[in-house]
Structures are given as C-alpha cells and as structure tokens.
Peer 1: 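Quick one: structure below, then a few questions.
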There are 2 protein chains.
Amino acid sequence: MASHAKFAEIAALAGDPSRAVMLHALMDGRALTASEMARAASIAPQTASDHLARMVAAGLLSVVKQGRHRYHRLASPVVAQMMESIMLVASDLEPAQPKLTVGPRDKSLRAGRTCYDHLAGRLGVALADALVMGGHVELADDAGLVTNTGVAFLGGIGVDIDALMARRGKRSKRVLCRPCLDWSERRPHLAGVLGAALCTHSFKNGWIRHIDGTRAVMVTPKGRRIYREQLGVQLE
Amino acid sequence: MASHAKFAEIAALAGDPSRAVMLHALMDGRALTASEMARAASIAPQTASDHLARMVAAGLLSVVKQGRHRYHRLASPVVAQMMESIMLVASDLEPAQPKLTVGPRDKSLRAGRTCYDHLAGRLGVALADALVMGGHVELADDAGLVTNTGVAFLGGIGVDIDALMARRGKRSKRVLCRPCLDWSERRPHLAGVLGAALCTHSFKNGWIRHIDGTRAVMVTPKGRRIYREQLGVQLE
DNA sequence: TCGATGCTACGGTCGTCACCGTAACATCTT
DNA sequence: AAGATGTTACGGTGACGACCGTAGCATCGA
C-alpha cells in the first residue's frame, strides 16, 4: 500500500465527528467501554462498536477484554501526540472571535486537565512557567531539557530523574521533556517523560484530583500549598 | 464551534486520498499550482481547485497569486509537523510484511529527501547519528538539545547557533532541535530549527542537490567529502 | 436455569461529498 | 485583438459510509 493511502486512512478515521469525540474521550489515557463512548458521542452502541472495531483494526486503539466489557484505549503515546498536533492546528486556525459557548464544564477544563499523561490548562502552563522561571527547565518551540539544577530540584520534591531514565531509552539524562502547546492557553506546558512523571507524582501525593470522572483536574489544598512553597506558583 | 468539530474538520481534510497526495507534494515547503497538484493526484484541475479552496479556507494552506498562477503552500510549519505525526502513526502501524512495490523513485527517496524544511531518509538519519556520536547533540524520544561543544562545532562548519536564536524565540540557546522519526528508516533524524538550518546550509554550500524537481536529495562529491571529513559519515 | 447487560453481525436507508462536464473569467502571448 | 493557458463557478451523478433496527452471541447476577 502506498504510504499516502495509509496516511489518508489514519486521518480519515480521526476525521469523523463521532470518532473524534471518542478519541478525545480517551485522551486522558483511561480505557473506556463501547457504551460509554457511545453516550459521549450521542450515537447508538452498535455504531460506536463499528467505529471502535475500525480504529482497532487500523491500530489507533488497543482493546482488552474483561468479562463482558471490552476496554478500549489509545494504542500508544504516538497516537496521543498525533492528536495533540492536530488539535494545535485546529486551535491555531480557529477564528479569533470571542468564544460564545463556554459552559461551566469548559471552564473547569480550562483551569486544569489531563492531556493523555500530562497536565494541561492553566495549571499545566503555570507549572511549566514556574520551572522555567526557576531555571530548572529550558524550553523552546520544539524541544526542552532539564538543567542540572533542575535534576536536583525535582529530586527534592520526589521526582527521580535517574529512575525515570533507567526505565526509558535513557539516551540522555537531561533530555526528557517536550513542550506541548496548550489549546486553551496558547502557551506551552510540559509533556514528554517529565510531564508524565510530574502528573502521576502529583496524583499519587494527593496534590491534585480528578473532578468526577472527567479530564478536569482540581488542585487540593495540600497541592496548592506545595506548589506555592516549592515552585512559587500562585493559582487563581 | 466545539473544539471537537474543528479537530474533525482538519483531520477529515487530510483524510481524503487526493488531498493527502496534494499535501504530501507540498511537504518540501515549495509552493505549487493547482494544475501541478491535479496531475500529481491524477484528478481533474477543477476537482483539485475545489480541494485547494477548501484547505485554504480551513487554514491548512496559504496562497499567493502571481499572474495567472496561484501558488499554494503549507500555511505554517505547524501543519507540516502535524502531517509528520500522522505519517508516524501510519508507518508505525504498517504491517511488517515486506514492501512489494518499491520503485526506483521510492528508492531515491529512501536514500535522502527533504521533509518540509529538514533532511530525512538515510542521509538525514546518518547526519543525526554522526552528531549524536560526536557528542554535539543529545536526543531522546521526544526532545533534543545541542551541547556546548556542539555549538562550537556547528559554528566551525558554518552554522551559527547564536544567529539562529536571535532570529527565533531564543528562549534557550541549546534547545533547538526536535527528533522526528523517519518513516523509511524508523530512526530519528533532526528536525526543528537546527534541522532546518543544517538543511539550508547544505543546499547553499552545494553539499546536496535536489534530484530533478522532486523531494529526493543527492549528495554532491563535495558534500560527500565534507560529511566524511567533518562528521565521519560514510555514505553508502 | 433464566433474565439482564455489553457487545457484535448484518441489512437497509439516507446524506454527504468526490468527481467531472460545461462554462465563465483572468492573464499571458502573439 | 485573438487565441492559449490557468483557474474558478455551477450542476449533476455516483459511490462511499455513518447511522440505526433487528437479531444473535457472550457474560454476569439471581
């Protein structure tokens, strides 16, 4: 098959509105069932099942069977990264007119949310800003790195860079963050290995919590204190 | 408009086979006319014109009018990056079966080609390898950086990092390269600011040349010598 | 064992869109 | 001025696919 055809197939799969909603629902890294996504996309379960089967066949999603449930998740971080890049183009081109329909749900999403495996929204951008400001991380448009002082600092709050690299490709100790342009803030937040580590660490220590079962994230009082004292981040 | 809808619109535009061919034809950064792309995609000029108008309206392409010609190009590097990420997913999932239809044209593309504004194929991967081997660049899966010795070395062969940063965001001197997984080699080559600079510099100094008017790139004898003596790259 | 639930298989309908033919317009050439 | 070339406008056709209803299979709870 020509590479163009495969390219078009992948893009076309992401290009259907219903499938787009389903893919977005998976962007927090969780695994969902067919009926859950059917409800999210406002379509019948049969239709959702059809969509899911096709995306699994194409390799966009992976599926695990558990009892009478079939849990679908994004096949790999590469897929999430692809979606982020499409979102970036889509938001870039969005007309600069004021958003009219910003419901309360959108509002909490803008405050903070998970984006596959890292933090986004005002929270994600604020953390990225603070780390850059403190000289712990350096960012450019298309790459980022952790400084030597950053390695030490992150170790101090419980994020062990060496351990991270041991588990990964470990090609370079300092190269492990990726800037990811935030669609609501239009400024970069931290993705990549560091972004993922910071996110899971924050959840594990009770600094942040998911609102209901959604992607939206709230900062706990404890987290608010930590972020302020350690990073100098003043939220809200 | 909900963000999902805009997302789906962009993906759907890239998802049509004919449009995919046209977009790929623009991946070298050149600007092409409607009829040229119609020929590339094997469709009538009217159809191509329709496709182009839609992509321009969506902001994927930009157009400049010159006489009776209308030159279309990718609207921004962000679009090229999006396409690369889709290509990555598409190639990742490609069945591991041996490629049957590898014509001579594909062959020269695999040897070396431009990918929007940087070098790809065996040439691009070899250059990236050499720079990593020499300690001038550090790469991970999702980010990269130029070392201090790398800044000096690149200056020696005519690529001025400081000048590059002055023209760009210049947030960090060493952060300016992005690894971009090569679809034919399945290994990273250099993209980002550094990748683009290295590419244009190589063209300007006559180290490489385009084959006919295609994306395929050949290394000149002079370039072969430079690459070998300066970088230790042995091509073929 | 029986009903309930999650999911998939199949067939049919309807809307959307890629495509081209015809035609009009703009620009360059002679 | 007249023909050639590049491009867009419009209308019609044909095909693909998103969607759901019905039906069948697997699994869980009683």
Side-chain angles (χ1 to χ4, degrees), chain A residues 1-2 4-26 30-73 213, chain B residues 1-2 4-26 30-73 213:
Chain A
M1 181 190 299
H4 308 268
K6 194 76 188 173
F7 173 97
E9 182 192 342
I10 298 296
L13 282 174
D16 176 76
S18 300
R19 283 194 293 261
V21 173
M22 296 193 233
L23 286 170
H24 274 89
L26 297 172
R30 281 180 311 173
L32 300 178
T33 67
S35 12
E36 285 171 326
M37 285 188 260
R39 223 174 310 121
S42 307
I43 56 179
Q46 313 94 307
T47 310
S49 173
D50 191 25
H51 285 313
L52 290 171
R54 203 172 313 190
M55 290 195 279
V56 169
L60 281 180
L61 304 183
S62 67
V63 63
V64 291
K65 198 177 152 181
Q66 264 183 31
R68 57 180 163 182
H69 295 280
R70 293 173 77 98
Y71 290 98
H72 298 263
R73 68 169 70 240
Chain B
M1 180 191 301
H4 307 254
K6 193 76 187 173
F7 173 96
E9 181 192 342
I10 298 296
L13 282 174
D16 176 77
S18 300
R19 283 195 292 262
V21 173
M22 295 194 234
L23 286 170
H24 274 88
L26 297 172
R30 282 179 310 173
L32 300 178
T33 67
S35 9
E36 285 172 327
M37 285 188 260
R39 221 175 311 120
S42 307
I43 56 178
Q46 314 93 307
T47 309
S49 173
D50 192 24
H51 285 312
L52 289 172
R54 201 173 314 190
M55 291 194 278
V56 169
L60 281 180
L61 304 182
S62 67
V63 62
V64 290
K65 197 177 151 181
Q66 263 182 31
R68 58 180 163 183
H69 296 278
R70 295 174 77 99
Y71 289 98
H72 299 262
R73 68 170 70 241

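Residue numbering restarts at 1 for every chain, and letters A, B, ... go by the order of the sequence lines.
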Peer 1: Just the table, please: protein N/O against nucleotides 24-30 of chain C N/O, every pair under 3.5 Å.
Peer 2:
residue	atom	partner	partner atom	Å
C:dT27	OP1	B:Lys65	NZ	3.4

Peer 1: Between the protein and nucleotides 19-22 of chain D, are there any N/O to N/O pairs under 3.5 Å, and if so, what are the atom names and distances?
Peer 2:
residue	atom	partner	partner atom	Å
D:dC19	OP1	A:Ser18	OG	2.7
D:dC19	OP2	A:Ser18	OG	3.4
D:dC19	OP2	A:His51	NE2	2.6
D:dC20	OP2	A:Ala44	N	2.7
D:dC20	OP2	A:Thr47	OG1	3.1
D:dG21	N7	A:Gln46	NE2	2.9
D:dT22	O4	A:Gln46	NE2	3.3

Peer 1: Find the distance B:Arg39:CZ to D:dG6:P and express it as a whole number of Å.
Peer 2: 8 Å
Peer 1: Rounding to a whole Å, what distance do you find between B:Arg54:CZ and D:dA9:C1'?
Peer 2: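 Whole-Å distance recorded here is 14 Å.
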Peer 1: Does OP1 or OP2 of C:dT8 have a side-chain N or O of A:Arg70 closer than 4.0 Å?
Peer 2: yes
Peer 1: Under 4.0 Å between a Lys/Arg side-chain N and an Asp/Glu carboxylate O for B:Glu9 and B:Lys6?
Peer 2: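 Salt bridge flag = yes for B:Lys6 with B:Glu9.
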Peer 1: Output the rounded distance in Å from CE (B:Met55) to P (D:dT7).
Peer 2: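 It is 14 Å, rounded to the nearest whole Å.
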Peer 1: Rounded to the nearest 0.5 Å, what separation is found between the NE2 atom of A:His51 and the CG atom of A:Leu61?
Peer 2: 12.0 Å
Peer 1: Nearest 0.5 Å please: distance from the CE atom of A:Met55 over to the CG atom of A:Leu23.
Peer 2: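 Those atoms lie 4.5 Å apart.
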Peer 1: Just how far is it from atom CG of A:Asp16 to atom CE of A:Met22, taken to the nearest 0.5 Å?
Peer 2: 7.0 Å
Peer 1: Calculate, to the nearest 0.5 Å, the distance between atoms NE2 and CG belonging to A:His72 and A:Leu26 respectively.
Peer 2: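 Going from NE2 on A:His72 over to CG on A:Leu26, the span is 9.0 Å.
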Peer 1: Would you sketch DNA chain C in dot-bracket for me? Only Watson-Crick or G-U wobble pairs with both distances under 3.5 Å count, crossing pairs as [ ], other-strand pairs as |, the rest as dots.
Peer 2: ||||||||||||||||||||||||||||||
Peer 1: Set out, in order, the CA-CA distance, both residues' side-chain angles and the distance that settles side-chain contact (heavy atoms from CB on, under 4.5 Å) for A:Leu32 and A:Tyr71, then state yes or no.
Peer 2: CA-CA 5 Å; A:Leu32 300 178; A:Tyr71 290 98; 6.0 Å; no
Peer 1: Under the salt bridge (charged side-chain N to carboxylate O under 4.0 Å, His left out) test, which residues partner B:Arg54, sequence neighbours left out?
Peer 2: B:Asp50
Peer 1: Nearest-Å distance, CG (B:Leu13) to P (C:dT16)?
Peer 2: 17 Å
Peer 1: Measuring from atom NE2 of B:His69 to atom OG of B:Ser35, what distance do you get when rounded to the nearest 0.5 angstrom?
Peer 2: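 It is 7.5 Å, given to the nearest 0.5 Å.
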Peer 1: Round to the nearest Å and state the distance from B:Leu52 atom CG to D:dT8 atom P.
Peer 2: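 My rounded result for the distance is 7 Å.
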Peer 1: If the condition is side chain to side chain contact (heavy atoms under 4.5 Å, CB included), which residues does B:Arg68 pass it with, not counting sequence neighbours?
Peer 2: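 By the side chain to side chain contact (heavy atoms under 4.5 Å, CB included) rule, B:Arg68 matches no residue at all.
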Peer 1: State which residues pass side chain to side chain contact (heavy atoms under 4.5 Å, CB included) with A:Ser62; sequence neighbours excluded, sorted by chain then number.
Peer 2: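 Partners of A:Ser62 by the side chain to side chain contact (heavy atoms under 4.5 Å, CB included) criterion, ordered by chain and then number, come out as A:Arg73.
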Peer 1: To the nearest 0.5 Å, how far apart are NE2 in A:His4 and OG in B:Ser18?
Peer 2: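 It comes to 11.5 Å.
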